[in-house]
2 protein chains.
Amino acid sequence: MGIAERKERDKEELRERILVAAKTLFLEKGVEKTSIRNIADLIEYSPGSIYHYFKDKNEIFHALHQGGFQQLMGRMEVLATVSNPMERLKGMGSIYVQFALENPDMYDLMFIKDAPILHVSNSNDEQWKEGFGTFNFLRSTIKECIDVGHFRGHEEEALSFLVWSTVHGMVSLRIRRRCEVVLAQRQDTIVKDGLNEFFSILDRLSS
Amino acid sequence: MGIAERKERDKEELRERILVAAKTLFLEKGVEKTSIRNIADLIEYSPGSIYHYFKDKNEIFHALHQGGFQQLMGRMEVLATVSNPMERLKGMGSIYVQFALENPDMYDLMFIKDAPILHVSNSNDEQWKEGFGTFNFLRSTIKECIDVGHFRGHEEEALSFLVWSTVHGMVSLRIRRRCEVVLAQRQDTIVKDGLNEFFSILDRLSS
DNA sequence: AAAATAAATGAACAGTGTTCAAAATAAAAA
DNA sequence: TTTTTATTTTGAACACTGTTCATTTATTTT
């Protein structure tokens, strides 16, 4: 039965080639301007072939989407050694913002674009876990902070959402070019400055 | 010279009709799914005609964009009577969030979609003022707060950006459907809950 | 070598934003 | 009023889009 296995491998390989081509194109032109025909041209297959490996265009970018979460989670792993939950929380903020600014197109696909998320609800639980992962990590870190006596009077779930929203807000305003309203000389550093203001607020809320 | 004036009025009227049709369609189908031909059909003109009134599709939705800012600013006007800057700041947050949740498509166009903002840089200063308006109002309110003794150790520009990012973050995660990761039973109220957490943080930062 | 299975094709469909020569309409001049 | 000029509107055409599917090509099994 080695042949069936090889065929399986071949199929997986072409699937991966489509994904690589899609990622290459969308990182240089954006999702909207990347067409199925563009992807087909790059891997030297016909447009129709792609539909044997992915249901539609959304499914292609949803697959990349998944990869992005794994990448982000991977970066968070260095925080496993940080035992102080408050320090870990700030570390998460830094890593999140850095990831977003270094991979704006990937971040856009993961947290701003609206296309793939509806499709996500139909996928299996394994895949879902990836999406939940980062938020669960945030929630448990904030729970630890509360248990240790920080954020008195605040509530786990809402505070987690608020913290996520704060960092997401800053990077998404930057990525979607809404920072022109801040002072011209501050525009380059405003996300970093905002994050520092946020950290000093978190510190003040520690006791 | 009454004729020239009447022609000018007619032209302006058709321009307005295009805008109304565009808004109607995009509020019920979204910007992406609203085509020039859809708009042309609704006003019973040919597709080509629209290009005599607007350079391209972006310019149409940019015009609506402008209207959105005026609407948001209009809602903010009730705060002119609130003399306590801290209360005014919280009022701005409430109004901003309420506007976003009541007009998600308009909010999306104004603060999330990436198309029209590049084009904005080429428009005249008068129009620009509209976009700056709300942020200037936020900045001056926060400056007042600082002058009165709140937010000790914080800086005007970065804090203004942070505050804006926080509310933008919450509503944009909701609008772009990223709230599925929060507890199922909290999803409906999470933005309101998050805003309340934010207000209580602001209160704690008052002294 | 022939039959059966699987994979890849590319033309076709219905749509998109945009352009532009031509036609229709309105205004000005004769 | 008729002719000329200017403006407005048209709709076909262009080059694209995502997606489908009968047909061809390639591979595996009998």
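Residue numbering restarts at 1 for every chain, and letters A, B, ... go by the order of the sequence lines. Source: prediction; values computed, not measured.
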Worksheet item: Between B:H65 and B:F69, does the ring centre distance come in under 6.0 Å?
Response: yes

Worksheet item: Whole Å only: how far is the CG atom of A:D41 from the C1' atom of C:dT9?
Response: 14 Å

Practice prompt. May I ask which nucleotide in the shown strands pairs with C:dA23, Watson-Crick or G-U wobble, both distances under 3.5 Å?
Written response: D:dT8

Fill in: Length of the line joining B:I43:CD1 and D:dT9:C1', which is rounded to integer Å
11 Å

Worksheet item: Does the gap between the ring centers of B:F161 and A:F198 come in under 6.0 Å?
Response: no

Worksheet item: Rounding to a whole Å, what distance do you find between B:F61:CZ and C:dG17:C1'?
Response: 12 Å

Item to complete: Would you confirm whether the ring centroid of B:Y53 sits within less than 6.0 angstrom of the ring centroid of B:Y45?
Response: no

Discussion item. What is the distance, to the nearest angstrom, from the NZ atom on A:K33 to the C1' atom on D:dC16?
Written reply: 11 Å

Response to the item:
Side-chain contact check for B:Y45: nearest option of C:dT9, D:dT9, D:dT19 is D:dT9

Worksheet item: Is A:R37 paired with A:D41 through a side-chain N to carboxylate O contact shorter than 4.0 Å?
Response: no

Worksheet item: When you match B:E44 and A:E32 each to their closest nucleotide on DNA chain D, which lands nearer the 5' end?
Response: B:E44

Discussion item. Can you tell me which nucleotide in C:dA8, C:dT18, D:dT10 comes closest to the side chain of B:D56?
Written reply: C:dT18

Worksheet item: Once you round it to whole Å, what is the distance between P of C:dA21 and NE2 of B:H52?
Response: 12 Å

Worksheet item: Counting side-chain heavy atoms from CB outward, which of C:dA8, D:dT10, C:dT18 is closest to A:S49?
Response: C:dA8

Item to complete: Remember a base hit wins even if backbone is also touched, and classify B:S35 as base, sugar-phosphate or nothing at under 4.0 Å, heavy atoms.
Response: sugar-phosphate

Fill in: Separation of D:dT7 C1' from B:L14 CG (nearest whole Å)
14 Å

Worksheet entry | Given C:dT9, D:dT10, D:dG18, the nucleotide with the shortest approach to the side chain of A:I36 | D:dG18

Worksheet item: Under 4.0 angstrom, heavy atoms only, what part of the nucleic acid is B:Y53 near: base, sugar-phosphate, or nothing?
Response: sugar-phosphate

Practice prompt. Anything under 30° is parallel, anything over 60° is perpendicular, the rest tilted; go ahead and classify B:F135 against B:W164.
Written response: tilted

Worksheet item: Which nucleotide in the list C:dG17, D:dT19, C:dA7 gets nearest to the side chain of A:R37?
Response: D:dT19

Worksheet item: Once you round it to whole Å, what is the distance between C1' of C:dT19 and CD1 of B:I50?
Response: 14 Å

Discussion item. For a quick test of reading the model: is some side-chain N or O of A:S46 closer than 4.0 Å to OP1 or OP2 of C:dT9?
Written reply: yes

Worksheet item: What is the distance from OH of B:Y51 to P of D:dA13, rounded to the nearest Å?
Response: 18 Å

